[in-house]
Amino acid sequence: MPRRVDREARREEILTAAVRVFAAKGFAATRVEDVARAAGIGKGAVYLYFDSRDALLEAAFEAFAADSARLLGQARDGEGRALDRLVGLLRSVLATLAERPELARVLLDLWAAGRDTARPAFDMAALYREYRALIADLLRQAQAQGDVGPNVGDGHAAVVVGAVEGCVLQWLVDPEVALEELVDPVIEVCLDGLCSQEGR
């Protein structure tokens, strides 16, 4: 058992180093040797845990994908009014990214690569579709509950996702932007304008 714990700890150390190097150099410019150096181990030791640079990237995003699925599930299946669950989702997404600036920077790197990446390790388009679909559904529920005005749907969901992404982008490129301070403005701009007079 102790040997297994040591192995898992070493794997996490390598992943942490990989994310740090990916964020600093960009995924395309990073070599396995760079990750090994950052982790303080030999290149061969990295290959004991990961068979390629792509495998490192895929593993690095497994936890992020799991967090995204958890947040989506809470918003979809949680209790309370739909608009409140949507507000909770936006707060949770921004907080999760704020806690992982290096991983967020790697996400930006992959987003910038876009379709030029032959086999992306993380399907950004699929993630966007999931978020848009859930937000659109929550907005329709909120409409049925009388908390937002009429004619909300997919377009409004895309704008909400775009506002979140735009704030994250500014935070990553401008150190004067504090992501955690943008949560309330995002909610006010994106959601309060949709609320009906009978709503929030």
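Throughout, numbering of the chain's residues begins at 1 and tracks the sequence.
- The CG atom of D67 lies 10.0 Å from the OG atom of S92; values are rounded to the nearest 0.5 Å.
- The shortest non-hydrogen separation linking A59 to R11 is CB-NH2, 3.7 Å.
- Counting all heavy atoms, side chain and backbone alike, Q143 lies closest to V152 at OE1-CG2, 3.8 Å.
- L182 and V159 fall into different hydrophobic clusters, where Ile, Leu, Val, Met, Phe, Trp and Tyr are joined by side-chain heavy atoms under 4.5 Å apart, directly or via other members.
- In terms of modelled atom types and a separation under 3.5 Å, the side chain of E33 and the main chain of K43 share no donor-acceptor contact.
- Between atom CG of residue L57 and atom CZ of residue F50 there is a gap of 11.0 Å, rounded to the nearest 0.5 Å.
- Of all the heavy atoms in L139 and G153, the pair that sits closest is CD1-O, 4.3 Å.
- Without hydrogens or angle criteria, R105 side chain to V19 main chain gives no donor-acceptor distance under 3.5 Å.
- In this structure, R85 contributes its side chain and L138 its backbone to no donor-acceptor pair below 3.5 Å.
- Across all their heavy atoms, L134 and R76 have their closest contact at CD1-CB, 3.7 Å.
- Rounding to the nearest 0.5 Å gives a distance of 9.0 Å between CG of L15 and CZ of F22.
- Taking both residues in full, the closest heavy atoms of A104 and L172 are given as O-CD1, 3.6 Å, listed atom of the first, atom of the second, then distance.
- Atoms CD1 and CD1, on I41 and I14 in that order, are 3.5 Å from each other to the nearest 0.5 Å.
- When the shell of 6.0 Å around CD of E188 is examined, it contains more than 12 heavy atoms from other residues, nucleotides or ligands.
- With hydrogens and angles disregarded, no donor-acceptor distance shorter than 3.5 Å links the side chain of D174 to the backbone of W171.
- Using a cut-off of 4.0 Å between Lys/Arg side-chain N and Asp/Glu carboxylate O, R132 and D154 are scored as not salt-bridged.
- Annotation for D34 and A29: closest pair OD2-O, 3.9 Å, computed over non-hydrogen atoms.
- R81 and Q141 share no donor-acceptor pair across their side chains, judged by distance under 3.5 Å alone.
- Looking at residues two or more places apart in sequence or on another chain, you find a salt bridge (charged side-chain N to carboxylate O under 4.0 Å, His left out) between R91 and D184.
- Between L97 atom CG and L103 atom CG the span is 8.0 Å, to the nearest 0.5 Å.
- Put simply, the side chain of R20 gets close to the backbone of A38: a donor and an acceptor are under 3.5 Å apart.
- No continuous path of hydrophobic side-chain contacts links V160 to V189 [ILVMFWY only; heavy atoms under 4.5 Å].
- Exactly one of I135, I187, D137 qualifies for a side chain to side chain contact (heavy atoms under 4.5 Å, CB included) with L86. That residue is I135.
- To the nearest 0.5 Å, the span separating CZ on R100 from CG on L107 amounts to 10.0 Å.
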